[in-house]
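Read through the structure below, which is laid out as C-alpha cells, and then see the notes.
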Amino acid sequence: MKFPSFLAAFSLLQLILLMQGLCAEKTDSGGFSVSYLTSGERHSEEYCAMYDICGQRSDGKVLNCPYGSPSVKPDELFSAKIQSLCPSISGNVCCTEDQFNTLRAQVQQAIPFLVGCSACLRNFLNLFCELSCSPNQSLFINVTSVSEINGNLTVDGIDFFVSDAFGEGLYDSCKEVKFGTMNTRAIQFIGAGATNFKEWFDFIGQKAPPGFPGSPYAIDFKSTVPDLSGMELMNVSTYSCGDTSLGCSCGDCPSSPQCSNSEPPSPSKKDHCSITIGPIKVRCIDFALAIAYIILVLGLFGWALFHRQRERILASDREPLLKSADEDESNLSNMQYDVNLALEGRGVTEQLKNGAQLSFIQGYMSSFYRSYGKWVARNPTLVLCLSLAVVIVLCFGLIRIEVETRPEKLWVGHGSKAAEEKQFFDSHLAPFYRIEQLILATLPDKTHGKPPSIISDDNIQLLFEIQEKVDGIRATYSGSKVSLTDICLKPLGQDCATQSVLQYFKIDRENFDNYGGVSHAEYCFQHYTSSDTCLSAFEAPLDPSTALGGFSGINYSEASAFVVTYPVNNAIDEAGNGNGKAVAWEKAFIKLAKEELLPLVQSRNLSLSFSSESSIEEELKRESTADIITIAVSYLVMFAYISITLGDASRLSTFYISSKVLLGLSGVVLVMLSVLGSVGFFSAFGVKSTLIIMEVIPFLVLAVGVDNMCILVHAVKRQPLELPLEERISNALVEVGPSITLASLSEILAFAVGGFTPMPACRVFSLFAALAVLLDFLLQVTAFVSLIVFDCLRAEDNRIDCFPCIKIPSSPEESDEGMNSRGYGLLTKYMQEIHAPFLGLRGVKVVVVAVFVAFALASIALSTRIDSGLEQQIVLPRDSYLQGYFTNISEYLRIGPPLYFVVKDYNYSLESGDTNKLCSINRCDSNSLLNEISRASLVSESSYIAKPAASWLDDFLVWLSPEAFGCCRKFTNGSYCPPDDQPPCCSPDGGSCGLGGVCKDCTTCFRHSDLVNDRPSTEQFIEKLPWFLNALPSADCAKGGHGAYTSSVDLNGYESGVIKASEFRTYHTPLNGQGDYVNALRAAREFSSRISDSLKMQIFPYSVFYIFFEQYLDIWTIALTNIAIALGAIFIVCLVFTSSLWISAIIVLVLVMIVVDLMGVMAILGIQLNAVSVVNLIMSIGIAVEFCVHIANAFLWNHPHEACRSDCAFLLTIRTFCGLLLSDVLGIGSCWLLAWACVFTSGAEFDGSSRKKYCLDTLELIGVQQWELRFWPSLVWLDFAPIQR
C-alpha cells in the first residue's frame, strides 16, 4: 500500500469529534445527579435546558450552565450567523454567541468529511444545531448530572431524546459517504465505524477524559420519553442522500435514483462447460476427447482387420508356392545381407545400389560428406587449427561481457505496455517507494495446529527491542554513515512512516506503560481513526490491517503475526542507480536480521521472516557462484561417460590402446569452446548475458554435443578395418553426416524460436543456445572429425591413450584379433532379436499406437488445467531466507497491493466537463471514474478492487467549497491563510489557538457566487491547486493535500489548462497466488479500457507487480505460437532434406504428441506455464527432433523392403539410445540429482525450481525415448506404402 497517501489524513483526524462542539463541555471534577423532571415548565416550548457558559475544564473546553431559561431572540447579525449554519432554526434560540462560536469551531472539523454529500452534512449539522441552539431545547434535553467548577455548577450529563426515524435517516444518508484521503468511509472517523445509528449515537455520547477529543459530558441518546414528563422526541426532518435538491454522488449514495441504472457489475463466473452422466460430472472437453479416442481406436482396429483380410485375398492369388518360396528366400537373403552391411558399417554405397532412393539434397550431402571426409582425413591438422582459430576469435568478445541481474531488465521486454506505463508513472508522478519488511509470527500450537495470538506484553516489548536495533543500524556509503531516518519516507515532519503496532505508542517504549500496554493497542485496533492517542508518531491513523497478519475479518486481537514495514524513498535513474544509500542500508538491515534478530526472535518461540527491496537481486548474485560444484561434477560425469562409451574394451590387455579418454576430453573442451564462442559473439555486440547462460547452456550443449560425438565415433568404429583410414572417415560421414546435419539444423531452429519469447532472460538464453549449438555442430564436423583421425592414427600405431608419445609393441595375433573381433553388444542383440520382432507384430503395433494416442488425448485434457505464472518460491534457491518470507506474505497479509488509476491529459476547464467525468462528490456524473471504482469495489471478488479510490480531485473540490470554511482561506492581501489550528494562526509551540490573532480577518477563498455549479474556473483552479497540495491537514481541515497527494498530480505545465498526469489510489484485494495476480491485472485493464471508452479519456491502471505479470495475460498465445513456428520450421527443413511429405508429417506428428504429453506432465506436477516452461517445451522439440531425424533417416536410406528398413532403423536406434538418450539423461539428470543440494536458479528469473526444471527435462528425454522406440516404428510400419511411393 502507498503509505504517503494511505497515511494521509494525518493529524487532522484528531478527530473531528464534533461532539466536543456540542455547545458545552464537561469538567474533570466529579459530578452529582440532579433531577429536573419535577417541574413541568422546564420542559416546554421556547424554553432552554442549558443556556450560556458557566466554566471550562482543565483542558480548556467550555461547559454549559445547567439552568433552564426561556429562549432568547438574537440580534439580526447573530441570527444571520445561525441561519448560515443551522437553517432549520429561526426566531428565538437557546445559545449565546459564544456557545454558537464554539459549536461552529467544532463542527468545522467534521464538515470536510461530509461536505461531498450535502444531505448527510445537513442532517449531521441539524443534530448538533438542535442540541445547541433549538428554542425548544428543553422538550428533548434533560440535564441529569452537574459538576462544580470554581463555585459554578456546570453540565456533567444529559439525556437527549431523539426519534428512531431521525437516527435512521441520519445514518442512512451518511453510511456510504467516502473519505477519499484514507480510502475508506467517513463513518470510520466520525462514527468509529458504526454499523447503525444506535452505535453511532453511543460513540458520540461517550464522555471524553481531559485532553482527549470528544464530548466533555456524557450524552445518553434515548428513543422513548418518560411518562408524564412533558417531553417529546427530537424529530427534525431528514434528507435522503438521494434527494435531488441535496444530491450526493453515486459513490456516496449508491441508492440514489440517478444511480439505480448503474448497478455494480455482477461477478464474472468462469464456469467450464460440463456434462452430467449419472452421478459423474465431466468437462465437455474431456467428454469430447473420450468420444474421439473411441472413434479413433475403432477405426484403427477396423483398418487392421481390413488390411489383414486384404492380405489373405492377395495371398490366394499368388504364383505357385515354389516360385514364391524361391523369391522369399532371395529376399530374405538380401535383407540379411543389408542388415549385416549396416551392422558392419559398409552398407551405405551398397544400400544405395539396392534400391534406396535419395532426394537431391540427400544425394548432394552424401557426395559432399564423402569428399569432405577424405579431405579432412588427409589434412586433420589444418582443419583442427582453422576451426579452433575461428572459435577462439569469437571468444575474444568475452572481454566485453556484462551480466544483467536487475529483475525488471530480465523479466520485461521492450515494447511492454506495463513497462511503458511504469516509466510514465515514475517520470510524471513518483516511483513507488522501496519496501523493507519484518514478519514476526507465532508458531502453530502442537495440539490444535492453530497459531495463538501474538498480541501480548512480552511480544510488544520484543518488538520495541527489535525497533531499537533497526534504528541503530549505521551503514557506510561513500564514506558517510546512513541510518533509517536518512532514507525513510516522511509524509509530514521528521518522523518515518513506519507501519508497526508500535505506532499506537508513538514508537516510544515509555508510552507503553503510560498508555496502558496491550489494552491500549487493542483499543486502537477499533478506534485508530478516532482516538488522538492512537495516532502514529507521524501524525496519521494506522490501519491495523497493515501492521497485523493472520486474523479473520476485523478480529485484530486474534492476529498471529506482527508485520513491520519500513517504506524508503525511491530514486531510480535509467541505469538503475540513485539508491546507493538505500541499498547500503538494506544490506546492513539483512545482516542484522540474520545475525541478531533471527536468533532473538527464535529464542522467544516465534518465527521471523524478512526482506528488503534489493533482496531478490542480491540472492541472484549470491547464486552466481554457488553452482560451480554442480557444473564441475556434471561435466566430470559426462566426461567419464564419453570416455567409456567411445572406447573399445574387447580385451583388458589392449584397453590402454582402444580407450578414448583423450578424445572424450577433447570433445568436452570443444563443447565448452562453442559455449564461450556464443557468449563472446553476443557480448561483442553489447548483448548482456544472464546467469542462466553460464549455468544451463553448457549442460544443454554438452548433451547435444555428446550425441554427435557418440554417433560419429561409432560410425567410424563400424567401418571395416581393412579399409584405408580415408575411406573409413569418408564412409562414416556419408552414413551419419546428413542425419547429424538435419538434426542439428532442426535443433538450432527450435532453440532460435525461443527468441520470440517476450521475457528478455528467456529470449537471450534461446539466442545464445542456438548459436552455441550451431558452433558445436561446426566443431563436431571439423575439429572433432580431425581429432578422430588423430585418435585412429594413434591406435593403429599402438600408442597409449592420454600418452600418445608412448608406443608399445603388439603381437600379430593380438592385432588380427582386435581387427576381426567386432561382435554385437547385449543391447544390439536385444533390439534385433526381441524388441524389433515383437514390435513388428501387427497387433502389437495397433496396441502401441492406441496406447500412445490415449496418452496424447489425456494430456490434451490435462493441459487445459495448467495455470500460468511463476511462483516466487520457485524462482529462488531453496536455502534463501526469502522462501519463508514469500510463504508468510501469502499466509499473513490481509491487504493487497496499491492500485493506481492514472489519468492522462486531464482538461480541468469548465468547458471540457472532464472534472465531472472524474470526481465522485455532488454534481459529478453518475458514471464518473471514481463512482465506477466505488461500484467495482462492491464486487471485489471479480474486480479485485478492495476500496473506493482516494481522490485528490474530490478533496480539492471539497477543500475549495465555501461550506468547508476552515480549509481554503485567504488573508486580506489574497495570500493563503492556513486553518486556525496551524501556524501562524496558532503558535507552533502548542500554545493557544483561537479566533483572534493574525488570522482573525481570514475569509473563505470563494463564495458560492464565485463558483459555477460549485466548480472553479480555469484561473481559480490554476491558482488554488498548489495551495491545496501544500496545505497541511489538521483537525480544523482534514482535507489538506500535503502528504496525501504530494505526488498524485504532475504540475509541470498545468498552467495550460491540462494536467498531463494524475493518479487516483485504491488497493487490490489480498492476492495469494500467481493466478490472483494475473487475474487482478486482467480485471484492472478490462475495467480501465471500459471506462476510457465510456468517458473518452486516457486512463490506465498501474501497480508495482504489473510489469512482471503482464506476460501471463497472453502466455498461452505465446506458447502455442512459438511451438507452431518451431514445428513449422522443422517440417520445412525435414521436407527439404528428405523430400518425403509422409516422413516429414510423421516427424511433426510425433513431436506434437511429445509436447502435448509434456504439458500433461506439467499439469500433473503443478508446473506453471510461463516463459521458462515455454522455452523448455521448445527445447524438448529440439531434443526430440534429433531422435526422430536419426531413425527416419535409417528408414529412408536402407532397403525399400519394410522388414529390412525396420531392422536397420532399430540398429540406428541402438546408436541413438547409446549416444543421445544416455548422454542427455546423464548430462541433465546429474544436474537434477545435484540440484537437491545445489539448486539452480539461473538468476532466479529464468530457471525456476531447479528440481522441477530438471525433472521436467529428464522426463522429456525418457518420454522421447519411449516414443522413438515404440510409437514411431509402429506408426511407420502400419502402412509403408506412402514411404515407398
Side-chain angles (χ1 to χ4, degrees), residues 338 341-342 347-373 708 711 715 730-750 752-753 777 781 1124-1154 1181-1182 1184-1213 1215-1216 1267-1268 1271-1285:
D338 288 333
L341 287 178
V348 176
T349 304
E350 302 292 341
Q351 291 165 24
L352 294 179
K353 293 179 180 179
N354 287 338
Q357 298 297 320
L358 300 181
S359 67
F360 170 78
I361 297 295
Q362 289 173 313
Y364 173 79
M365 293 182 64
S366 298
S367 300
F368 168 77
Y369 275 115
R370 181 169 299 283
S371 302
Y372 173 74
N708 293 340
I711 291 174
S730 176
N731 288 347
L733 286 178
V734 171
E735 179 183 347
V736 300
S739 63
I740 287 178
T741 303
L742 176 56
S744 298
L745 183 58
S746 299
E747 287 174 333
I748 293 166
L749 289 175
V753 165
F777 164 70
V781 297
I1125 293 174
L1127 293 173
I1130 290 172
F1131 175 79
I1132 293 173
V1133 171
C1134 291
L1135 184 61
V1136 170
F1137 271 73
T1138 65
S1139 297
S1140 172
L1141 181 62
W1142 180 251
I1143 282 291
S1144 303
I1146 291 180
I1147 289 175
V1148 172
L1149 175 62
V1150 172
L1151 293 177
V1152 168
M1153 297 179 78
I1154 289 173
I1181 295 175
V1185 72
E1186 191 168 11
F1187 289 81
C1188 294
V1189 165
H1190 288 309
I1191 296 177
N1193 241 33
F1195 274 95
L1196 289 174
W1197 279 55
N1198 288 287
H1199 196 284
H1201 193 282
E1202 175 182 349
C1204 179
R1205 289 193 182 214
S1206 305
D1207 287 344
C1208 293
F1210 266 111
L1211 293 175
L1212 184 58
T1213 300
R1215 306 199 299 270
T1216 303
W1267 281 86
E1268 305 305 338
F1271 178 76
W1272 165 259
S1274 300
L1275 184 62
V1276 175
W1277 288 352
L1278 282 175
D1279 189 350
F1280 210 77
I1283 300 180
Q1284 292 176 341
R1285 288 193 292 271

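Annotation: side chain of Ser1144 is in contact with side chain of Thr1138 (closest heavy-atom distance under 4.5 Å). Contact annotation: the side chain of Tyr372 never approaches that of Val734 to less than 4.5 Å [non-hydrogen atoms, C-beta and beyond]. Contact annotation: the side chain of Pro738 never approaches that of Phe1137 to less than 4.5 Å [non-hydrogen atoms, C-beta and beyond].
With rounding to the nearest 0.5 Å, the separation of CD1 in Ile740 from CG in Asn708 is 4.5 Å. A distance of 9.5 Å separates CG of Leu742 from CD1 of Ile1130, quoted to the nearest 0.5 Å. Taking OG of Ser746 as the reference point, atom CG of Leu1151 lies at 8.5 Å (rounded to 0.5 Å).
Here the closest non-hydrogen pair linking Cys1134 and Ile1147 is SG-CD1, 3.9 Å. Closest of all the heavy-atom pairs between Ala1184 and Ile1154 is CB-CD1, 3.8 Å. Between Val736 and Ala715, the shortest heavy-atom contact is CG1-CB, 3.8 Å. Summarising the geometry of Met365 relative to Gly737, their closest heavy-atom pair is CE-O, 4.4 Å, with the distance given to 0.1 Å.
Between Phe368 and Tyr364, the two ring planes are parallel [angle under 30°; tilted spans 30° to 60°].
Residues that satisfy the ring-ring contact (aromatic ring centres under 6.0 Å, His included) test with Phe777, not counting sequence neighbours, are absent from this structure.
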